[in-house]
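So you know, we letter chains A, B, ... as the sequences are listed, proteins then strands, and number each from 1.
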There are 2 protein chains.
Amino acid sequence: MKQDILGKLEELGYRVTPQRAMIVAAINHSDDHISAEEIYAQVRAKYPHVNISTVYRTLETLKEIGLVTETDMGEGRVRYHPAGKGHHHHLVCQECGATIDLDETVLSNLKDALRREYGFLADLRHLAIFGHCVKCKQ
Amino acid sequence: MKQDILGKLEELGYRVTPQRAMIVAAINHSDDHISAEEIYAQVRAKYPHVNISTVYRTLETLKEIGLVTETDMGEGRVRYHPAGKGHHHHLVCQECGATIDLDETVLSNLKDALRREYGFLADLRHLAIFGHCVKCKQ
DNA sequence: GCGGTTAATGCAAGTATTTGCAAATGCTAA
DNA sequence: TTAGCATTTGCAAATACTTGCATTAACCGC
């Protein structure tokens with residue numbers, strides 16, 4: 001089966017409520033990174049009763065379990081991504097807003113160094129690194 | 001070169017208002033990392049008229065110029081630090097909340113790699129890296 | 001010093017997210 | 001099937017920060 005988030009939730013003793021099922025579906029069907037507000041809009045279309053705080057609480061739970069990653073790309077709102085769909089990172093230009101996708105491996109040296117030198121297991125699964133792109137560095 | 005934030009502001013054509021002077025003083029006098037609310041409280045003690053939005057706007061300006069760094073240590077509020085007081089980073093344990101200070105050099109390899117491979121000039125001056133510390137990794 | 005201009009401030013309303021609490025509901029055991 | 005109970009939800013209020021706009025006040029030239 002694919003990255004079965006709902007199955008994992010159930011397995012861990014969380015309740016699989018219709019709200020959670022729809023929130024998870026919204027995250028899975030978004031190829032892109034999706035915001036809480038976008039998830040809320042999608043779920044509400046089918047089930048107008050949901051509350052935005054349920055969306056946030058579900059996202060919090062999924063983050064804790066490690067099933068979704070959360071990234072602040074500097075838009076004033078955070079975006080979510082299913083962890084099972086592959087890890088990557090983003091370079092975000094603070095000048096022009098351009099984003100460059102980065103392979104996970106770019107940070108593996110850092111991760112190893114932190115584990116080796118500090119015994120620290122860094123969660124570097126979906127990072128946004130700010131700075132200036134080729135065009136914008138003066 | 002001393003870290004004369006106000007002088008730098010003036011030099012760049014920004015107006016040196018009493019509000020800005022007091023906000024900068026609060027940041028400079030804090031040995032620790034200071035939050036917007038803490039700055040606001042300190043400034044208001046001397047000058048009750050200030051508004052919290054002035055604090056946020058001043059911090060935004062100082063960030064843009066590169067005179068202060070902003071770091072989200074996962075407390076639900078962001079902390080500020082004068083950039084002139086030396087660069088460092090933090091490892092933050094998501095389990096127990098412990099923070100480990102990190103020297104700037106730990107990230108210099110990464111910074112070089114990003115510049116070499118992507119032409120991207122990363123602003124890695126005060127980062128918080130989340131994960132699990134020695135005691136908390138299962 | 002004195003006014004003009006323009007940046008900076010205060011205020012109030014808005015946005016994104018979090019939290020406390022009572023009511024609803026999924027799951028377990030009988 | 002249903003009662004029991006803990007988890008989850010909805011709601012409303014709180015928090016951290018941002019923004020639009022009218023007013024104020026730095027700082028420049030005179």
K.L.:
Find the distance B/I23:CD1 to D/dC17:P and express it as a whole number of Å.
P.N.:
14 Å
K.L.:
Please report the distance, rounded to the nearest Å, between CD in B/E11 and P in D/dC27.
P.N.:
14 Å
K.L.:
Determine, for nucleotides 18-30 of chain C in 5'-to-3' order, which nucleotides have protein heavy atoms under 4.0 Å from the base (write B), from only the sugar-phosphate (write S), or from neither (write -).
P.N.:
BBBB---BBS---
K.L.:
Strictly below 4.0 Å: does A/R77 bring a side-chain N or O up to OP1 or OP2 of C/dT17?
P.N.:
no
K.L.:
Check whether A/L91 and B/L121 end up in the same hydrophobic cluster, where Ile, Leu, Val, Met, Phe, Trp and Tyr are linked by side-chain heavy atoms less than 4.5 Å apart.
P.N.:
no
K.L.:
Using a 4.0 Å heavy-atom cut-off, does B/G76 contact any base of the nucleic acid, only the sugar-phosphate backbone, or nothing at all?
P.N.:
sugar-phosphate
K.L.:
Side chain of A/R125, backbone of A/T69: donor and acceptor closer than 3.5 Å?
P.N.:
no
K.L.:
Within the 3.5 Å criterion, strictly below it, is a donor on B/D101 or B/H90 matched to an acceptor on the partner's side chain?
P.N.:
yes
K.L.:
Please state how far atom CD in B/E64 lies from atom C1' in C/dA8, giving the value in whole angstrom units.
P.N.:
14 Å
K.L.:
Which whole-number value in Å describes the distance from A/Y40 OH to C/dT17 C1'?
P.N.:
13 Å
K.L.:
List the atom of A/E38, the atom of A/H33, and the distance in Å for their closest heavy-atom pair.
P.N.:
OE1-O, 4.2 Å
K.L.:
Which whole-number value in Å describes the distance from A/I39 CD1 to C/dT17 P?
P.N.:
10 Å
K.L.:
A/L59 has an atom CG; how far is it from atom P of C/dT17, in whole Å?
P.N.:
9 Å
K.L.:
Please state how far atom CG in A/L12 lies from atom C1' in D/dA6, giving the value in whole angstrom units.
P.N.:
17 Å
K.L.:
Can you check whether B/H89 and B/H126 have ring centres sitting under 6.0 Å from each other?
P.N.:
no
K.L.:
Which atom pairs, one a donor and one an acceptor, fall under 3.5 Å between side chains of residues 39-46 of chain A and the rest of the protein, sequence neighbours left out?
P.N.:
from: A/Y40; atom 1: OH; to: A/R44; atom 2: NH1; distance (Å): 3.3

